[in-house]
**Student:** 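I'd like to ask some things about the structure below.
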Amino acid sequence: MIIAIDGPAAAGKGTLARRIAAALNLPYLDTGLLYRAVGRRVLDAGADPADPEAATQAAKSLTSADLARTDLRGGPADKAASQVASIPGVRAALLEFQRHFGTENGAVLDGRDIGTVIFPDADVKFFVTASLQTRAARRHAELLGRGNDVTLEAVRADLVARDEADANRKAAPLVAANDAIHFDTTTLDADAAFERAMELIKSREK
Ligand code: CDP
């Protein structure tokens, strides 16, 4: 079974995906990490994350050690991830890995283009959203918890800029698949969102 979870930044995709995967005993892939790791490699090399050649090269040589890094979240890493993610060569280099991840045992994957490009035939597709206010507050708390010193205003501005870039790029833009279940978590905490999602998955299985 393939479950695709897409949506804008900080909508709660990761938390939801992780819990669904654990409940259904499925492997979980946070595909945002792939783009974050590519962006980080480009930054470390002193190159520009908007440079197609540098970014595509980094995507082609990505290793599991790159994905295990602890500095893939926060201001510069977020922006670099979104920049490299708009480059077709980067997306092409990461496509097979994502498809392969889900083909053997099924999987839960979260990202921006899982239900549209990576697994257009996924069994269940969620498009997870929440109000900007809620997303900014959640991400702000998360970053403070990690020790990042950042204002709510800066977090909100980053989310708006990234969503706009993700939704307006030509390569695999952030958009809900036609058959996705729209899932608004503004008024749901993590437990309530998980329970509701499991109900929806079970109703699809019947
Ligand atoms: O956790 P958050 O929602 O803030 O971001 P993420 O899921 O880790 O994704 C980081 C960035 O990677 C996004 O802003 C997208 O530009 C890009 N991305 C993508 O283009 N396609 C995906 N399947 C996943 C992430």
Side-chain angles (χ1 to χ4, degrees), residues 2-18 28-43 49-50 55-56 58-59 62 66-67 69-99 101-102 107-120 122 125-130 132 134-143 145-146 148 150 154-177 180 183 185 190 193:
I2 298 283
I3 299 182
I5 304 186
D6 293 305
K13 303 181 300 286
T15 306
L16 185 64
R18 228 171 256 114
Y28 163 58
L29 182 63
D30 171 0
T31 65
L33 269 191
L34 302 172
Y35 298 92
R36 290 173 177 279
V38 173
R40 182 44 80 183
R41 277 186 75 134
V42 176
L43 289 178
T56 303
L62 209 63
D66 292 319
L67 300 178
R69 291 175 61 150
T70 54
D71 56 357
L72 299 179
R73 290 180 192 283
D78 292 354
K79 180 156 190 232
S82 184
Q83 286 178 298
V84 301
S86 72
I87 297 168
V90 169
R91 308 201 72 89
L94 301 177
L95 189 124
E96 267 322 302
F97 172 78
Q98 295 174 78
R99 286 210 176 131
F101 185 89
V108 180
L109 301 95
D110 82 72
R112 303 290 184 287
D113 62 341
I114 309 305
T116 49
V117 175
I118 308 295
F119 285 107
K125 300 178 185 178
F126 288 111
F127 194 77
V128 180
T129 56
L132 177 60
T134 300
R135 294 189 289 123
R138 285 181 190 157
R139 181 52 51 91
H140 186 231
E142 187 186 325
L143 288 171
R146 284 209 173 94
N148 291 36
V150 60
V155 171
R156 194 205 320 259
D158 171 72
L159 294 183
V160 170
R162 205 143 52 88
D163 288 345
E164 199 177 288
D166 290 345
N168 291 312
R169 68 186 179 210
K170 286 205 178 74
L174 166 68
V175 61
F183 195 74
T185 69

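Both ligands and their constituent atoms are indexed starting at 1 by order of listing.
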**Student:** Closer than 4.0 angstrom, basic N to acidic O: yes or no for R36 and D71?
**Tutor:**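 Salt bridge flag = no for D71 with R36.
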**Student:** Contact between P173 and D166 at the side-chain level, heavy atoms closer than 4.5 Å - yes or no?
**Tutor:**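 Not in contact.
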**Student:** Between R112 and Y35, is any side-chain donor less than 3.5 angstrom from a side-chain acceptor?
**Tutor:**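 Their side chains do not contain a donor-acceptor pair, so the 3.5 Å distance test is not met.
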**Student:** With a 4.0 angstrom cut-off on heavy atoms, strictly below it, pick out the residues next to ligand 1 and order them by chain and number.
**Tutor:**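 These residues qualify: A9, A10, K13, T31, G32, Y35, R36, R73, A81, S82, A85, R91, G111, R112, D113, R139, R162, D166, R169.
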**Student:** Below 4.0 angstrom, N of the basic side chain to O of the carboxylate: do R41 and D66 qualify?
**Tutor:**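 Salt bridge flag = yes for D66 with R41.
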**Student:** Which residues pass the ring-ring contact (aromatic ring centres under 6.0 Å, His included) test with F119, not counting sequence neighbours?
**Tutor:**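 Partners of F119 under the ring-ring contact (aromatic ring centres under 6.0 Å, His included) test: none.
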**Student:** Are E142 and R146 within salt-bridge range, i.e. N to O under 4.0 Å?
**Tutor:**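 Here E142 pairs with R146 in a salt bridge, since their nearest N and O are under 4.0 Å apart.
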